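A, B, ... follow the sequence lines: proteins, then strands. Residue 1 opens every chain. Keep in mind that what you see is a predicted model, and the values were worked out from it rather than measured.
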2 protein chains.
Amino acid sequence: MLSKETLKKIFPDWEEGLYDAILKEAELKEAKAGTTLLKMGQNIKSAMLVVEGTIKLYQEGEDGGEYFMYHLNPGEACAVTLVCNYHHEQSQVLAKAVTDIQYLAIPIEFMEKWLNEFKSWHYFVIKTYRSRYEELLKTINETAFKNMDERLEFYIKRHINQFGPSVNLTHQEIANDLNTSREVVSRLLKKMENNGWIIMNRNSFDWIKK
Amino acid sequence: MLSKETLKKIFPDWEEGLYDAILKEAELKEAKAGTTLLKMGQNIKSAMLVVEGTIKLYQEGEDGGEYFMYHLNPGEACAVTLVCNYHHEQSQVLAKAVTDIQYLAIPIEFMEKWLNEFKSWHYFVIKTYRSRYEELLKTINETAFKNMDERLEFYIKRHINQFGPSVNLTHQEIANDLNTSREVVSRLLKKMENNGWIIMNRNSFDWIKK
DNA sequence: CTTATTTGGTGATATTTATCACACTCAAAA
DNA sequence: TTTTGAGTGTGATAAATATCACCAAATAAG
């Protein structure tokens with residue numbers, strides 16, 4: 001398990017008792033890069049707080065397509081899992097580990113209890129929902145108003161914001177995240193290369209614009 | 001001002017003290033159908049709780065386009081205005097009254113205070129964020145995965161869910177909400193009419209499918 | 001080294017959506 | 001009644017995106 005000190009660094013501003021409760025009730029889990037942590041429709045049995053690594057949150061289409069919404073980083077939590085009062089509540093998102101990760105899994109029976117018990121937990125839940133809501137607004141804005149070239153640019157910028165200017169994604173992976181096809185991504189990236197926005201290598205490219 | 005009884009009917013499950021606080025601090029405002037209640041980028045100075053009528057929430061594009069996200073009904077609140085700790089926080093949504101409405105405006109300086117003071121307020125905020133987050137997920141799903149014909153159908157269904165099977169919207173209004181053009185909406189509605197899904201009248205149509 | 005697989009490039013074509021142009025109809029106003 | 005304007009219908013065309021087909025380069029596997 002984590003030390004209380006580490007916990008405090010990752011999740012600051014909590015009450016002492018909340019750290020103790022976490023240490024007592026939460027399970028520290030690990031997952032390899034690429035693992036699916038939560039599928040759409042799956043019953044939620046525990047809340048998920050990120051300790052180490054990055055998670056990507058998706059919306060899943062009926063046809064099986066995926067649409068990337070936002071990243072979750074250490075100190076953040078998966079909003080949908082935070083307020084589940086009943087065991088039969090189903091996930092409306094798809095969550096995947098993009099790096100090897102560590103996360104705290106807290107059985108959902110504590111959610112209601114801790115809301116009553118710890119003011120700092122209550123604030124944490126609200127802060128989480130608020131920030132995720134804002135991420136969704138940005139995603140909607142991109143999706144509803146922008147063409148694929150701009151959406152690709154936005155996507156790349158979010159990626160380099162997370163992992164630095166070198167992008168190690170295949171065109172196919174990007175296409176999946178944007179719910180488009182590889183050919184479209186290839187052509188748009190080629191255009192960006194011609195514009196001098198990126199330098200392409202095999203299996204990766206570097207963002208140099210601005 | 002509203003009576004406490006009316007308030008309790010519209011916003012059930014609150015603490016007695018919260019009703020009193022609302023009666024003391026909130027201002028009951030009215031607005032005509034069509035009024036813009038909140039623009040994107042505008043400073044938020046009060047929280048907005050719907051008492052009567054329906055509000056439509058939009059995301060606004062840089063080019064001035066609008067994209068409909070969800071409805072707000074009596075007993076619901078505008079999530080973005082609920083957690084504003086500072087006076088310079090700007091709205092990321094556009095809110096318009098679609099009918100004549102009444103709403104409670106609560107100066108944002110009470111938000112932080114009431115979070116501490118009233119457990120039921122805390123729950124209300126979380127419940128609000130949670131339900132709005134879910135609405136956004138649905139909107140993203142429609143926008144990212146569906147073609148215009150399906151999005152139009154979804155849009156109409158949400159509308160009739162609010163106002164009944166007779167839809168009194170011009171093609172232009174629908175086009176604005178879906179960020180497309182009138183011609184596209186006209187053609188798709190014509191197709192629905194041919195399929196026997198709707199009956200068209202001038203300035204309105206009726207949904208009969210299913 | 002040779003072969004197989006993954007990844008990327010690109011033309012051709014189809015589909016979807018946007019845009020432009022203009023005609024028609026109804027209803028309200030003059 | 002005539003006029004005006006808002007709302008709608010629809011063809012033509014353009015632009016964006018999706019899909020198909022196939023090839024080439026790089027890498028991994030044998």
Side-chain angles (χ1 to χ4, degrees), chain A residues 33-34 61-68 140-156 159 166-207, chain B residues 33-34 61-68 140-156 159 166-207:
Chain A
E62 286 151 20
D63 57 351
E66 294 168 5
Y67 195 75
F68 172 65
I140 288 176
N141 201 292
E142 288 299 310
T143 315
F145 296 118
K146 308 279 177 72
N147 286 347
M148 200 51 84
D149 54 349
E150 292 179 279
R151 285 164 58 189
L152 177 56
E153 192 181 341
F154 182 69
Y155 175 85
I156 294 171
H159 189 274
S166 186
V167 179
N168 289 58
L169 295 169
T170 66
H171 298 183
Q172 186 62 63
E173 288 173 312
I174 297 173
N176 289 345
D177 281 6
L178 290 171
N179 192 46
T180 181
S181 62
R182 180 194 61 79
E183 296 94 315
V184 170
V185 172
S186 284
R187 284 189 243 260
L188 291 175
L189 284 176
K190 176 66 47 183
K191 203 180 285 178
M192 288 183 178
E193 188 183 29
N194 292 338
N195 291 344
W197 298 6
I198 60 175
I199 292 172
M200 306 255 318
N201 319 301
R202 185 165 192 83
N203 294 359
S204 78
F205 59 86
D206 299 279
W207 185 262
Chain B
E62 286 150 22
D63 57 351
E66 293 168 6
Y67 194 74
F68 171 64
I140 288 177
N141 201 291
E142 287 300 309
T143 316
F145 296 119
K146 308 279 179 71
N147 284 348
M148 199 53 84
D149 53 350
E150 293 181 279
R151 287 164 56 191
L152 177 57
E153 191 181 341
F154 182 70
Y155 175 85
I156 295 172
H159 189 275
S166 187
V167 180
N168 288 58
L169 295 169
T170 66
H171 299 183
Q172 186 63 63
E173 288 173 312
I174 297 173
N176 289 344
D177 281 7
L178 290 171
N179 192 44
T180 182
S181 63
R182 180 194 62 78
E183 295 94 316
V184 170
V185 172
S186 284
R187 284 191 244 260
L188 291 176
L189 284 176
K190 176 64 49 184
K191 202 179 287 179
M192 288 183 179
E193 188 184 30
N194 292 338
N195 292 344
W197 298 6
I198 60 176
I199 292 172
M200 305 255 320
N201 319 301
R202 189 169 190 81
N203 293 359
S204 79
F205 59 88
D206 298 280
W207 185 260

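In terms of heavy atoms, A:Leu178 sits closest to A:Tyr67 at O-CE1, 3.7 Å. In plain terms, the two heavy atoms of A:Glu173 and A:Asn168 that are nearest each other are OE1-O, 4.3 Å. In terms of heavy-atom proximity, B:Leu152 sits nearest to B:Val185 at CD2-O, 4.4 Å. Here the shortest heavy-atom pairing between B:Met192 and B:Ile156 reads SD-CD1, 4.0 Å.
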* Per-nucleotide protein contact string for nucleotides 2-9 of chain C (B base, S sugar-phosphate only, - none; heavy atom under 4.0 Å) -> ----BBBB
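D:dT17 atom C1' lies 14 Å from atom CG of A:Leu152, rounded to whole Å. A straight line from CG of A:Asp149 to P of D:dT17 spans 6 Å, rounded to a whole angstrom. Between B:Asn179 atom CG and D:dA16 atom P there is a gap of 15 Å when expressed in whole angstrom units. Spacing between atom CE of B:Met192 and atom P of D:dG9 amounts to 13 Å, rounded to whole angstrom units. Separating the CG atom of A:Asn168 from the P atom of D:dT27 is a distance of 13 Å, rounded to the nearest angstrom. Between the C1' atom of D:dA18 and the CG atom of A:Asn147 lies a distance of 14 Å, rounded to the nearest Å. The nearest whole Å value for the distance from the CG atom in B:Asn176 to the P atom in D:dT8 is 12 Å. For the pair B:Ile174 CD1 and D:dG7 P, the interatomic distance rounds to 12 Å; values are reported in whole Å.
A donor and an acceptor atom, one from each side chain of A:Asp206 and A:Ser166, are located under 3.5 Å apart.
Inter-residue side-chain proximity for A:Trp207 and A:Glu153 is flagged as met; some heavy-atom pair is nearer than 4.5 Å.
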